[in-house]
Number of protein chains: 2
Amino acid sequence: MQDPAPPAVRGPGRARDAARTRAEIIEVATREFAEQGYTGARVDRIAERTRTTKRMIYYYFGGKEGLYVAVLEHAYAGIRQSERDLDLTGLRPIEAMRRLAELTYDHHVAHPEFIRLVSIENIHRAEHLASSETLRNLNMPVTDLIAGLLADGRADGTVRADADPLDVHMVISAYCVFAVANRHTFDALFGRDLLDPARRGHYRTLVGDLVVRYLTPTGP
Amino acid sequence: MQDPAPPAVRGPGRARDAARTRAEIIEVATREFAEQGYTGARVDRIAERTRTTKRMIYYYFGGKEGLYVAVLEHAYAGIRQSERDLDLTGLRPIEAMRRLAELTYDHHVAHPEFIRLVSIENIHRAEHLASSETLRNLNMPVTDLIAGLLADGRADGTVRADADPLDVHMVISAYCVFAVANRHTFDALFGRDLLDPARRGHYRTLVGDLVVRYLTPTGP
DNA sequence: TTACTAACGTACTAGTTCGTACATTAACGT
DNA sequence: ACGTTAATGTACGAACTAGTACGTTAGTAA
């Protein structure tokens with residue numbers, strides 16, 4: 001953003017910038033794949049919307065599938081980073097968990113494109129995710145974060161002893177992913193838009209409550 | 001199943017049975033669309049796997065899109081029916097809710113194909129669902145069931161007063177849909193198969209707990 | 001029997017879509 | 001300057017894919 005923008009032209013004479021071209025292709029492809037699915041996405045359409053040509057997609061990514069994998073890798077790198085940026089300092093474990101659930105909700109709502117990519121990848125049984133070295137080695141910092149909070153909470157008795165970090169993460173993900181991913185069928189069937197801005201607060205609070213109630217130890 | 005099976009042949013001379021042909025196309029198409037997505041599905045492939053020809057798909061359904069809508073309608077008619085078959089008699093409201101959550105989990109796990117269709121339809125922003133008269137008029141009996149249970153529970157003080165039926169349904173759906181729909185990416189990223197038979201009981205119990213804890217009124 | 005029509009089959013086409021062969025140019029080190 | 005190569009552009013093709021024109025046959029009613 002801070003570098004002097006090269007002339008936004010195509011054709012002979014345009015300045016060469018591999019990194020920029022590559023990044024632009026990824027950005028446009030992310031939208032196309034998220035909108036249309038893997039099979040529905042069109043290589044020609046992606047090329048059209050770029051300041052370069054289809055030839056470059058094959059030059060940099062080898063083909064449609066390579067481009068799709070690059071898009072996935074880029075997208076996952078994004079959330080992993082935002083998971084690292086989470087700041088829950090100064091909160092007691094149970095309240096940190098509530099906050100984590102609420103922030104996760106906000107993050108998912110703010111990035112529907114990513115959720116769509118995940119849905120699409122699941123339709124394809126995560127075969128691209130599984131075949132990418134980069135993606136296989138991706139660790140998700142949030143699980144360690146949750147594990148730490150649960151351990152602290154168990155130590156001071158504010159969190160039930162039998163709560164599993166990955167289960168808790170699954171519950172949070174399930175709720176947040178569903179609200180975004182299944183928004184359309186839910187709205188069509190029940191007449192309620194899960195992403196209606198007027199209801200955001202309600203649904204944010206709901207997932208927080210859900211998690212806190214699940215984690216709170218039952219009476220003596 | 002109980003009628004004498006017509007000869008399983010194709011070509012001139014085969015017995016004619018419109019209903020049977022139609023049903024067979026829907027069945028094969030359901031698999032194809034669920035496996036490949038709408039765009040990835042191939043009309044020719046569906047025809048191949050049927051005892052009839054592609055011509056019949058156009059004869060009965062008008063085209064790929066019409067067939068897809070017919071598949072959706074058939075699939076949704078299925079769950080609506082199984083929602084009607086739910087039997088929760090003899091249980092107190094809160095325990096009936098627990099049971100409902102657990103049965104929903106079992107049902108979703110048993111019908112991954114349907115969950116995939118729903119995911120696919122969401123990728124397409126539920127435009128087919130919204131454009132089908134049949135599907136728009138589809139009522140989902142489970143929401144009334146939940147509303148009744150919550151009302152009963154409120155009456156005898158076993159369910160918190162501010163619980164909304166559709167929210168509760170959303171929470172249950174989110175959990176159950178996620179376990180099936182996002183199974184592959186979750187497994188690839190966290191190394192845990194959410195549908196591992198050895199963990200079914202655990203995850204069934206978890207969603208029951210989640211709902212019960214959410215619905216239980218807080219302290220005195 | 002015969003006329004009629006719903007049900008079915010074959011062969012083809014127009015358009016699309018991924019991918020590539022081949023040509024060209026800008027940057028960079030020496 | 002100049003040669004090398006990374007980066008880019010153009011034009012095209014082979015395969016696929018939804019959809020259709022046209023012909024045929026089985027059941028049925030009179």
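So you know, we letter chains A, B, ... as the sequences are listed, proteins then strands, and number each from 1.
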Undergrad: From C-beta outward on A:Arg55, which listed nucleotide comes closest to its side chain: C:dA7, C:dC18, C:dA21?
TA: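 Per side-chain heavy atoms of A:Arg55, the pick is C:dA21.
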Undergrad: Find the distance A:Arg42:CZ to C:dT16:C1' and express it as a whole number of Å.
TA: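 Checked: the CZ to C1' distance equals 8 Å.
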Undergrad: Within a 6.0 Å radius of atom CZ on A:Arg213, are there more than 12 heavy atoms belonging to other residues, nucleotides or ligands?
TA: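 Atom CZ in A:Arg213 is packed in, count exceeds 12.
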Undergrad: To the nearest Å, how far apart are B:Tyr59 OH and D:dG19 P?
TA: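 Taking atom P of D:dG19 as the reference, OH of B:Tyr59 is at 18 Å.
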Undergrad: From C:dC8, D:dG9, D:dA18, pick the nucleotide closest to the side chain of B:Tyr60?
TA: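 So the nucleotide nearest the side chain must be C:dC8.
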Undergrad: Any idea how A:Tyr175 and A:Tyr105 line up, ring-wise: parallel (<30°), tilted (30 to 60°), or perpendicular (>60°)?
TA: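 The rings of A:Tyr175 and A:Tyr105 sit tilted, inter-plane angle from 30° to 60°.
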Undergrad: Reading DNA chain C from 5' onward, which residue's closest nucleotide shows up sooner: A:Gly62 or B:Lys54?
TA: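 Nearer the 5' end of the strand: B:Lys54.
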Undergrad: So, A:Asp164 side chain and A:Asp167 main chain: donor-acceptor pair closer than 3.5 Å or not?
TA: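 Yes.
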Undergrad: Could you tell me the separation between the CG atom of A:Asp17 and the P atom of D:dA7, rounded to a whole number of Å?
TA: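 Taking atom P of D:dA7 as the reference, CG of A:Asp17 is at 10 Å.
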Undergrad: Could you tell me whether A:Arg42 and A:Glu48 have a side-chain N and a carboxylate O separated by less than 4.0 Å?
TA: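 Salt bridge absent between A:Arg42 and A:Glu48.
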Undergrad: Under 3.5 Å, is there a donor-acceptor pair linking the side chains of A:Thr39 and B:Gln36?
TA: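 Side chains of A:Thr39 and B:Gln36: no pair found under 3.5 Å.
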Undergrad: Using a cut-off of 4.0 Å on non-hydrogen atoms, how would the nucleic acid contact of B:Ala41 be classed: base, sugar-phosphate, or nothing?
TA: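 The residue B:Ala41 makes sugar-phosphate contact but no base contact.
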Undergrad: Output yes when at least one side-chain N/O atom of A:Thr53 is less than 4.0 Å from OP1 or OP2 of D:dT10, else no.
TA: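 No.
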Undergrad: Heavy atom of residues 126-134 of chain B under 4.0 Å from DNA chain D: which residues?
TA: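 Hits under 4.0 Å, by residue number: none.
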Undergrad: B:Glu73 and B:Ser132: side-chain donor and acceptor closer than 3.5 Å?
TA: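 Looking only at side-chain atoms, B:Ser132 and B:Glu73 do form a donor-acceptor pair, the distance falling under 3.5 Å.
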Undergrad: For B:Ile46 and D:dT17, what is the distance between atoms CD1 and C1' respectively, to the nearest whole Å?
TA: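 Between C1' of D:dT17 and CD1 of B:Ile46: 12 Å.
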Undergrad: The side chain of A:Lys64 lies closest to which of these nucleotides: D:dG19, D:dA7, C:dG19?
TA: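 Nearest nucleotide to the side chain: C:dG19.
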Undergrad: Given atom CE of B:Met56 and atom C1' of C:dG9, what is their separation to the nearest angstrom?
TA: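 Distance, rounded to whole Å: 7 Å.
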Undergrad: Write down the distance between CG (B:Asp44) and P (C:dA11), rounded to a whole number of angstrom.
TA: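 Result: 14 Å.
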Undergrad: For residues 25-32 of chain B, which residues have at least one heavy atom under 4.0 Å from DNA chain D?
TA: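 Nothing qualifies; none.
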Undergrad: Answer yes if the side chains of B:Tyr68 and B:Glu121 hold a donor-acceptor pair under 3.5 Å, and no otherwise.
TA: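 Yes, because at least one side-chain N or O of B:Tyr68 sits under 3.5 Å from a partner of the opposite role on B:Glu121.
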Undergrad: Atom OH of A:Tyr58 and atom C1' of C:dT20: how far apart are they, to the nearest Å?
TA: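 In whole Å, C:dT20 C1' and A:Tyr58 OH are 9 Å from each other.
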Undergrad: What integer distance in Å separates A:Glu24:CD from D:dT8:C1'?
TA: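 Distance check: A:Glu24 CD to D:dT8 C1' gives 14 Å.
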Undergrad: Side chain of A:Thr52: nearest nucleotide among C:dC8, C:dT20, D:dT8?
TA: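 Closest of the options to the side chain of A:Thr52: D:dT8.
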Undergrad: Just how far is it from atom CZ of A:Arg116 to atom OG of B:Ser119, taken to the nearest 0.5 Å?
TA: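 One finds 11.5 Å between CZ of A:Arg116 and OG of B:Ser119.
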Undergrad: Tell me every residue that passes salt bridge (Lys or Arg N to Asp or Glu O under 4.0 Å) with B:Arg80, counting only those two or more places apart in sequence or in another chain.
TA: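 In terms of salt bridge (Lys or Arg N to Asp or Glu O under 4.0 Å), with neighbours along the sequence ignored, B:Arg80 is linked to no residue.
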Undergrad: In terms of the angle between their ring planes, are B:Phe190 and B:Phe186 parallel, tilted or perpendicular, with boundaries placed at 30° and 60°?
TA: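 The rings of B:Phe190 and B:Phe186 sit tilted, inter-plane angle from 30° to 60°.
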